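Below: the structure, in structure tokens.
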2 protein chains.
Amino acid sequence: MTDKNKYHHGDLQQKLLNEAALVIAEKSIDGLSMRGLADRLGVSRTAAYHHFKDKNGLLCAIAEDGFRRWQAELDGLLSQLPESMEIWFEHFSRAYLDFATESAEHYDLMFGRPIWKHGQPTESLRKLSYDAFQSYVEFVERCQQKNLIAEEQNALRLAQVSWGTLHGLCRLINDGIYIDRDSVEDMCKNSVRLFATN
Amino acid sequence: MTDKNKYHHGDLQQKLLNEAALVIAEKSIDGLSMRGLADRLGVSRTAAYHHFKDKNGLLCAIAEDGFRRWQAELDGLLSQLPESMEIWFEHFSRAYLDFATESAEHYDLMFGRPIWKHGQPTESLRKLSYDAFQSYVEFVERCQQKNLIAEEQNALRLAQVSWGTLHGLCRLINDGIYIDRDSVEDMCKNSVRLFATN
DNA sequence: CGACAAATCTTGACACCGTCAACATACATC
DNA sequence: GATGTATGTTGACGGTGTCAAGATTTGTCG
């Protein structure tokens with residue numbers, strides 16, 4: 001290993017992921033191209049194809065990182081049972097919105113059409129996303145067992161609807177339909193009241 | 001006008017819109033290219049640029065059609081005050097989901113990132129979308145005046161949150177995250193209960 | 001150590017894409 | 001009939017994802 005003009009790059013796979021994250025932060029997801037990414041790393045256009053099946057594979061890997069970050073935060077939020085559902089859910093909503101808006105591009109990738117509808121999601125990505133949601137469902141169930149939430153409600157449905165609502169709000173912001181963050185905060189409180197007092 | 005090998009196409013603008021709708025229905029929005037569309041109409045690659053500023057302009061025009069269709073349906077739904085909010089909202093939800101899933105590609109265009117975040121929406125599109133939402137807000141206000149909805153709630157916020165929830169569900173379906181339509185029906189009923197009994 | 005296989009990286013090529021510039025044709029109007 | 005405008009054309013530029021074939025390095029086994 002001459003260390004200087006090395007033919008093999010070392011850990012191109014990881015470097016690709018890191019650089020891709022930078023590009024996405026700079027120019028959004030549509031600004032990410034395989035060729036441009038290769039250029040930035042001073043590597044040939046097709047080098048990445050030895051580490052990812054295709055562009056979809058790379059995107060899935062980036063989305064996976066997002067899910068791991070979110071899961072870590074989620075674990076903290078779900079680790080102990082709340083005293084008041086209303087306060088907890090407001091806290092949860094804020095954390096969710098913060099994640100979705102601060103890592104907007106990651107969020108769009110994690111739940112967006114390019115991966116889930118068109119390019120098939122990687123099996124590992126599928127599992128990560130499923131686990132994240134599942135841990136939320138189980139949290140709702142634990143809350144029901146402690147009588148924090150009415151037990152006659154279907155835990156899965158409750159989790160789906162409450163998450164779907166948050167997801168809807170986040171999409172409205174990230175897609176540029178609602179841009180007023182204050183409105184969103186207020187909407188968030190409204191939806192909290194709906195879920196918590198029911 | 002020789003009628004046969006006519007140089008001028010007649011009403012290319014409308015034909016472009018019609019054919020684009022077909023392409024979108026066949027191959028989804030990403031399958032629509034300016035060049036491919038021109039080919040299908042037997043016209044040169046840049047002919048469309050005399051009728052739309054650029055691809056974004058064409059997409060906006062398609063989205064406008066979607067908004068007009070939705071507004072027509074909306075007018076019917078909002079024309080008279082309901083007797084029961086719960087029944088009405090269930091009816092409304094179903095209509096919204098039907099529209100969003102049956103015209104999935106149109107829906108994604110109407111509320112999707114490509115237009116609102118990246119390519120700036122046309123002024124006319126902006127107005128159409130604003131009007132549609134505004135008519136919903138005014139409906140909520142009328143319901144409040146008739147004491148069908150608690151008056152202390154902010155009508156705008158209520159409209160935003162309820163619509164945001166429906167939008168969230170639709171995105172989950174259209175983006176391929178939830179594919180089970182039965183689950184969605186059930187989720188829909190759950191969210192109805194949240195809004196109607198509050 | 002040498003040979004051979006696997007991993008990794010390269011260039012070349014293909015088929016797309018959006019869109020600008022320059023030019024050609026048809027139509028409308030004075 | 002001349003002239004301007006609307007509409008159509010081809011040519012070109014730079015961009016994209018990705019496949020095939022060849023080059024080079026690394027890992028493995030006798």
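Proteins come first, then strands; the chains are lettered A, B, ... in the order of their sequence lines, and each starts at number 1. Being a predicted model, the structure only gives us computed values, none of them experimental.
If you take CG of A:Asp39 and P of D:dG14, they are 15 Å apart, rounded to a whole angstrom. Atom P of nucleotide D:dG17 and atom CD1 of A:Ile29 are separated by 11 Å, given to the nearest angstrom. To the nearest angstrom, P of C:dT10 lies 11 Å from CG of A:Leu41. The distance from atom CD of B:Gln14 to atom P of D:dT7 is 14 Å, rounded to the nearest whole Å. Atom pair B:Gln13:CD and D:dA6:P shows a separation of 13 Å (rounding to whole Å applied). If you take NZ of A:Lys27 and P of D:dG15, they are 11 Å apart, rounded to a whole angstrom. Across the protein-nucleic acid pair, B:Asp30 atom CG and D:dG17 atom P stand 14 Å apart, rounded to whole Å. A straight line from CG of B:Leu12 to P of C:dA26 spans 16 Å, rounded to a whole angstrom.
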Shorter than 3.5 Å, N or O on both sides, protein versus nucleotides 16-19 of chain C: list them out with atom names.
| unit_1 | atom_1 | unit_2 | atom_2 | d |
| --- | --- | --- | --- | --- |
| C:dC17 | OP1 | B:Ser33 | OG | 2.7 |
| C:dG18 | OP1 | B:Met34 | N | 3.0 |
| C:dG18 | OP1 | B:Lys55 | NZ | 3.0 |
| C:dG18 | OP2 | B:Met34 | N | 2.9 |
| C:dG18 | OP2 | B:Arg35 | N | 3.3 |
| C:dG18 | N7 | B:Arg35 | NH1 | 2.5 |
| C:dG18 | O6 | B:Arg35 | NH1 | 2.4 |
| C:dT19 | OP2 | B:Tyr49 | OH | 2.9 |
| C:dT19 | OP2 | B:Lys55 | N | 2.9 |
| C:dT19 | O4 | B:Arg35 | NH1 | 3.2 |

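A centroid separation of less than 6.0 Å is found between the aromatic rings of B:Phe139 and B:Trp88. Taking the ring centroids of B:Tyr107 and B:Trp70, they lie at or beyond the 6.0 Å cut-off. The distance between the ring centers of B:Phe133 and B:Phe67 does not fall below 6.0 angstrom.
Partners of B:Arg69 under the salt bridge (Lys or Arg N to Asp or Glu O under 4.0 Å) rule, at least two apart in sequence or in another chain, do not exist in this structure.
The side chain of B:His51 contributes no N or O atom lying less than 4.0 Å from OP1 or OP2 of D:dA6.
In this structure the side chain of A:Arg94 reaches within 4.5 angstrom of the side chain of A:Glu90, judged on heavy atoms.
Remark: A:Arg113 engages B:Glu105 in a salt bridge, criterion side-chain N to carboxylate O under 4.0 Å.
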